[in-house]
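Here the structure is a predicted model, which means the values were calculated and not measured. Just so you know, ligand 1 is whichever comes first in the structure, and atom 1 is the first atom listed for that ligand.
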Amino acid sequence: MNFTEFRFQPAIEMAIKKCGYTTPTNIQQQAMPHLLQGRDLLGLAQTGTGKTAAFVLPTLQRLTGSKAGKKIQALILTPTRELAEQVHGNIQQLAQGTRLQSCTLYGGVSKAGQIQKLRQGVDIVVACPGRLLDHLNSKTVDLLSVEVLILDEADQMCDKGFLPDIRRIVKKVPHQRQSMVFSATMPTEILCFVEEILSDPVTVKVDHEKPTATIKHALFQVAQGQKTTLLKHILKHEEMTTTLVFTRTKHKAKNLARQLQQCGFKATSLQGNLSQNQRKKAMDGFRTNTFNIMVATDIAARGIDVTGITHVVNYDIPDTVETYTHRVGRTGRAQQTGDAFTFATQDDVKMIRSVERSLGQKIPLKKAQGISMKPHKAAPAPTSAKMNEKRKNASSSSRKKQNSKPRQQRSSSFDFGLSAG
Ligand code: AMP
């Protein structure tokens, strides 16, 4: 199948070619025929499947016939600012030959610029719920002409407690419209909500539970205190062209990026303590390869879409299987291959088992070549006989020890059963 079968307007076809898309992805093949007919749709797909173009292209096709720049005709809601920017970026690429204009509305930046853009006239608004409500309350935005309503990453919206806000927003949008909801997972709460928003929807489902098959997963066994050493080592020795590293805390993300910079790596961080400007700088730098390593937290990295991420490193293991899926989904996108490395300490065994169950496969262990990692297991408490012997030998060996190198740890002793199943 190729894109010509969808009979997009020539300007849109041209943009698709410019983006380098030749074959529609699975979700695009499944969703676009229904969307082009004006049907409502529930799309179960994770990021990395090409879902954005799946909803943007039919929307552009629908709007190209209308007068551009007059009123807001399509509204796309996203859970994060980064995702809003990304969707907006995709629209700009795909709408480049049309006269359609889009803008983003989210918090953390001044409202004045957004109001000015709205006044100039936009056809498509990509917004986070909080700031959009703000604009609705101050009457700086009017949704009465919206024909297409799209909710992206609905499960994340739900996690972030946005559902009441979204209900308020939907009330301001005309009843007569085309609606789409995209979500990686479908908890019951969303299912009920979706029924309120969609009318007689088609459901399409693409790999929504497992990461894409193009991702290779691997585990590195490591002690907590040696993760940074291991990371630096593999960054040097594996062919890691563009790497996204995940840490559990903002503080760690910031410090780790700094430590990597000090060692000469081109690293940056993306975490919640950054201002909107700093985030944008970090994202742009990563996109344009000024930095080829980004250290991020889950929330900050939600929906990151940078093409060509070759490696995702779980420096800290994620809290849920879903988060694992989201994280590793940043690589192996749109039919490219990618590697997902997970640093595993003894405390992570349970989580790894859950991830493996969801993947339906064991994650192979990988050894960092040319580096010895200390065993994580606590040494057994010495017996009193051994203690005495130790004391006796202590004085004679102390001089020798001062001059000797630290003992090499055998990696074979460093195994807490991850490979055993
Ligand atoms: P998404 O799932 O929307 O985040 O898309 C993931 C990546 O796939 C983005 O970088 C898109 O530009 C890219 N993409 C979308 N559709 C296609 C396609 N048909 N062929 C190749 N790449 C695509």
Side-chain angles (χ1 to χ4, degrees), residues 1-8 12-33 35-36 41-61 76-96 102 104 124 126 150-156 180-185 204-215 241-242 244 283-284 286-289 294 296 301-310 312 325-338 340:
M1 188 178 219
N2 63 44
F3 280 100
T4 52
E5 291 173 42
F6 295 111
R7 297 177 185 278
F8 285 116
I12 302 175
E13 268 198 5
M14 188 73 85
I16 294 171
K17 272 202 194 113
K18 271 197 183 166
C19 287
Y21 302 167
T22 48
T23 318
T25 63
N26 204 349
I27 183 80
Q28 290 162 3
Q29 291 190 24
Q30 288 194 49
M32 291 200 304
L35 293 176
L36 287 166
L41 182 128
L42 171 61
L44 296 169
Q46 51 189 317
T47 40
T49 52
K51 69 176 164 67
T52 316
F55 63 72
V56 168
L57 287 168
T59 303
L60 295 178
Q61 176 84 343
I76 303 169
L77 296 174
T78 69
T80 63
R81 300 157 186 186
E82 278 77 20
L83 187 60
E85 275 299 334
Q86 236 163 251
V87 172
H88 171 63
N90 249 310
I91 295 171
Q92 284 187 313
Q93 282 181 323
L94 294 168
Q96 56 187 291
S102 82
T104 51
I124 305 169
V126 189
I150 300 163
L151 260 67
D152 197 7
E153 301 207 348
D155 48 355
Q156 296 312 316
M180 312 165 205
V181 174
F182 285 82
S183 193
T185 56
V204 298
K205 212 168 163 181
V206 175
D207 273 344
H208 69 288
E209 263 149 13
K210 284 186 190 176
T212 12
T214 48
I215 302 170
T241 318
T242 309
L244 182 58
M283 276 301 293
D284 289 347
F286 191 46
R287 259 197 204 108
T288 54
N289 208 30
M294 176 176 273
R302 180 67 65 200
I304 280 187
D305 172 27
V306 174
T307 24
I309 292 180
T310 57
V312 166
T325 305
H326 275 291
R327 285 184 181 185
V328 303
R330 313 286 149 233
T331 184
R333 298 188 142 207
Q335 280 106 39
Q336 289 180 7
T337 57

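Only the side chain of Gln28 comes within 4.0 Å of ligand 1, judged by heavy-atom distances.
Per-residue contacts place Phe3 under 4.0 angstrom from the following atoms of ligand 1 (heavy atoms of the residue considered): 19 (N). Near Thr52, meaning under 4.0 Å from one of its heavy atoms, ligand 1 places the atoms 1 (P), 3 (O), 4 (O). Each of the following atoms of ligand 1 lies closer than 4.0 Å to a heavy atom of Thr23: 18 (C), 19 (N), 20 (N). Atoms of ligand 1 lying under 4.0 Å from any heavy atom of Thr25, numbered from 1 in the order shown and given with element: 17 (C), 18 (C), 19 (N).
Annotation: ring-ring contact (aromatic ring centres under 6.0 Å, His included) contacts of Phe3 (sequence neighbours excluded): none.
The main-chain N or O of Ile309 is found under 3.5 Å from a side-chain atom of Thr331 such that the two form a donor-acceptor pair. Within the 3.5 Å criterion, the main-chain N or O of Cys19 finds no donor-acceptor partner in the side chain of Gln93. The backbone N or O of Asp155 sits less than 3.5 Å from a side-chain atom of Ser183, completing a donor-acceptor pair.
Considering backbone and side-chain atoms together, Ala53 places no N or O closer than 3.5 Å to any N or O of ligand 1. Close N/O approach between Asn90 and ligand 1 is not found [any backbone or side-chain N/O within under 3.5 Å].
Just one residue in the list Thr104, Ile91, Thr52 forms a side-chain contact (heavy atoms from CB on, under 4.5 Å) with Ile76, and that residue is Ile91.
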Please set out all donor-acceptor pairs under 3.5 angstrom arising from side-chain atoms of residues 54-61, sequence neighbours excluded.
residue	atom	partner	partner atom	Å
Thr59	OG1	Phe55	O	2.6
Gln61	OE1	Gln9	N	2.9
Gln61	NE2	Arg7	O	3.0

